[in-house]
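Report on one structure; see the data block that follows.
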Amino acid sequence: MEFSIKSGSPEKQRTGCVVVGVFDGRKLSASAQAIDGASRHYLSEVLRRGDLDGKLGATLLLHSVPQIPADRVLLVGLGRERDFNEAAYRTALAAATRALRSTGASEATICLTDLALKRRDTAWKIEQAVIMVSEGAYRFDRMKSKPPEAKRALRKVTLHVAKRGEIAEGETAMERGQAIADGMAFAKDLGNLPANVCTPAYLAEQAQDMGRRNGIKVEVLEQKDIEKLGMGCFLAVARGSRQPPKLIVLEYQGGKRDAPPVALVGKGITFDTGGISIKPAAEMDEMKFDMCGAASVLGTMKAIAQMKLPLNVVGVIPATENMPGGNAIKPGDIVTTMSGQTVEILNTDAEGRLILCDALTYVEKFKPSAVVDIATLTGAIVIALGHVATGLFANSDPLARELLQAGEAAWDRAWHMPLWDDYQEALKSNFADIPNIGSRAGGSVTAACFLSRFTKAYPWAHLDIAGTAWKSGAEKGATGRPVALLSHFLVRRAA
Ligand code: BES
Ligand code: MN
Ligand code: ZN
């Protein structure tokens with residue numbers, strides 16, 4: 001998708017479709033008024049007949065509006081003016097994109113970015129619009145034998161701002177939005193691919209290919225390298241699989257040569273059967289999404305390289321399947337981590353923390369200024385926060401605040417969960433240093449506690465994205481979260 005920013009006369013746009021907003025089903029926005037005036041109150045006439053539902057996200061497509069050079073005018077319901085907030089703005093944009101797709105327009109001018117929004121500036125509105133329109137245009141049909149017949153696809157979108165003076169600011173935000181949207185689409189593609197295609201080796205190839213195109217150094221460590229490093233826990237999970245594990249290491253050098261990097265560590269379980277502690281059959285297909293943490297690392301690194309952020313960032317991805325089999329780990333097995341601590345594996349389905357703990361020890365070698373891991377770690381976080389907020393845990397309050405604020409700015413929000421010592425009590429083993437599971441109560445907290453045993457050397461945060469990385473049901477698919485949050489976090493770090 002190609003974007004541009006423009007100010008001035010919506011009524012003079014020569015394009016496939018001009019999109020304007022209407023509050024409450026009758027109050028015209030400023031851009032809608034301009035079109036109404038030029039068309040001798042054609043819009044007012046249509047609205048008087050009650051054809052546009054007053055609801056937020058309702059749409060009405062008009063053809064051949066008198067005196068207007070655009071082929072079409074799309075009216076979008078904005079709901080009540082005083083309720084018009086961030087969520088409403090995004091809903092309106094999503095509805096507009098959906099309606100645009102069902103027209104034959106290949107170009108459109110969207111005059112929703114010129115609406116006033118409390119607490120949000122032009123930059124925010126433009127970035128969000130680029131992301132929402134790109135998301136609306138996203139399709140994953142590469143596994144279909146015939147791509148579904150498409151109408152002429154929307155190719156060019158102009159975003160309208162109220163004043164000339166907003167164009168420069170808008171263009172910067174547009175570029176950031178595009179980098180984030182591209183990173184999200186990359187993460188979604190990887191997440192949506194089935195596990196027979198998206199194996200650890202495939203993830204490694206994709207990382208290498210993305211790295212080559214974006215000037216990021218990528219190294220892939222093989223089974224024997226992982227053995228040499230002593231990553232006993234990571235290897236324990238990989239034992240049950242025919243697919244060899246990969247440790248993918250990416251280095252983006254945008255900052256000074258010796259400036260300490262930020263490290264992103266992503267869970268890359270390309271399929272989680274649960275192993276010997278096997279999962280029930282229902283919805284097990286969704287465990288192909290268990291590498292969405294890894295995908296978000298790759299998507300974020302692509303985005304920041306596209307933005308040319310002046311910052312050093314390292315990405316580390318332990319990638320493997322979690323399978324049952326004759327060689328698989330068994331409940332009760334005890335393995336030694338790279339850190340030297342021993343772990344009693346009481347449940348082979350708590351495998352994410354087993355691969356992450358070794359990766360978290362590995363990143364110490366980069367002397368990172370901060371480490372953030374991203375993982376579809378626990379079903380318990382879905383119970384706690386649903387599909388809205390990502391769970392955030394941290395051993396550093398300033399780092400937690402940075403990430404929370406980045407999530408607010410990106411509208412890809414997280415919620416701070418406790419990591420108090422009281423919860424560490426749950427991690428007691430009769431036979432090893434620690435068990436890989438704690439109590440069922442507070443399951444996402446005890447999982448984070450397990451990780452915290454390996455992150456004492458640096459400020460660290462953990463994002464549990466089990467509820468936010470993908471959608472189930474009719475809209476099943478990866479969301480690309482939390483690429484936007486992480487990108488904003490790094491943008492702020494680079495500033
Ligand atoms: N990948 C799952 C977490 C998950 C489960 C995400 C369901 C989304 C939906 C993880 O590896 C896992 O299986 N966690 C277990 C941990 C338990 C055995 C302590 C869980 O959450 O049930
Ligand atoms: Mn599991
Ligand atoms: Zn898992």
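Sequence positions, counted from 1, serve as the residue numbers for this chain.
With sequence neighbours excluded, the residues forming a side-chain contact (heavy atoms from CB on, under 4.5 Å) with A201 are T199, K246, listed by chain and number. With sequence neighbours excluded, the residues forming a ring-ring contact (aromatic ring centres under 6.0 Å, His included) with F454 are F450, listed by chain and number. In this structure E219 satisfies the side chain to side chain donor-acceptor pair (under 3.5 Å) test with no other residue, sequence neighbours excluded. Remark: Q405 pairs with R492 by the side-chain contact (heavy atoms from CB on, under 4.5 Å) rule, at least two apart or across chains. With sequence neighbours left out, the ring-ring contact (aromatic ring centres under 6.0 Å, His included) criterion links Y202 to no other residue. F366 pairs by the ring-ring contact (aromatic ring centres under 6.0 Å, His included) definition with nothing, not counting sequence neighbours. Residues forming a side chain to side chain donor-acceptor pair (under 3.5 Å) with R440 (at least two apart in sequence, or on another chain): none. By the side chain to side chain donor-acceptor pair (under 3.5 Å) test, E251 pairs with K217, sequence neighbours left out.
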Extract all donor-acceptor atom pairs below 3.5 Å that involve side chains of residues 441-448 and protein atoms in other chains or at least two apart in sequence.
residue : atom : partner : partner atom : Å
T446    : OG1  : G442    : O            : 3.4
T446    : OG1  : G443    : O            : 3.3

Review item, side-chain donor-acceptor pairs of residues 472-486, under 3.5 Å, at least two apart:
residue : atom : partner : partner atom : Å
S472    : OG   : E286    : OE1          : 3.0
S472    : OG   : E286    : OE2          : 3.3
K476    : NZ   : D285    : OD2          : 2.8
T479    : OG1  : T468    : O            : 2.6
T479    : OG1  : A469    : O            : 3.1
T479    : OG1  : R481    : N            : 3.2
R481    : NE   : D412    : OD1          : 2.6
R481    : NH1  : V388    : O            : 3.0
R481    : NH2  : V388    : O            : 2.8
R481    : NH2  : D412    : OD1          : 3.3
R481    : NH2  : R413    : O            : 3.2

Contacts under 3.5 angstrom, residues 122-130 side chains, donor-acceptor by atom type, not counting sequence neighbours:
residue : atom : partner : partner atom : Å
T122    : OG1  : E166    : OE1          : 2.5
W124    : NE1  : A409    : O            : 2.9
K125    : NZ   : L115    : O            : 2.5
E127    : OE1  : R176    : NE           : 2.8
E127    : OE1  : R176    : NH2          : 3.3
E127    : OE1  : H488    : NE2          : 3.2
E127    : OE2  : H488    : NE2          : 2.6
Q128    : OE1  : R90     : NH1          : 2.6
Q128    : NE2  : A410    : O            : 3.1

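Residue pairs meeting the ring-ring contact (aromatic ring centres under 6.0 Å, His included) criterion with at least one partner in residues 371-395, sequence neighbours excluded, are F393-H462.
Ion pairing between R155 and E2 fails under the 4.0 Å rule for side-chain N and carboxylate O.
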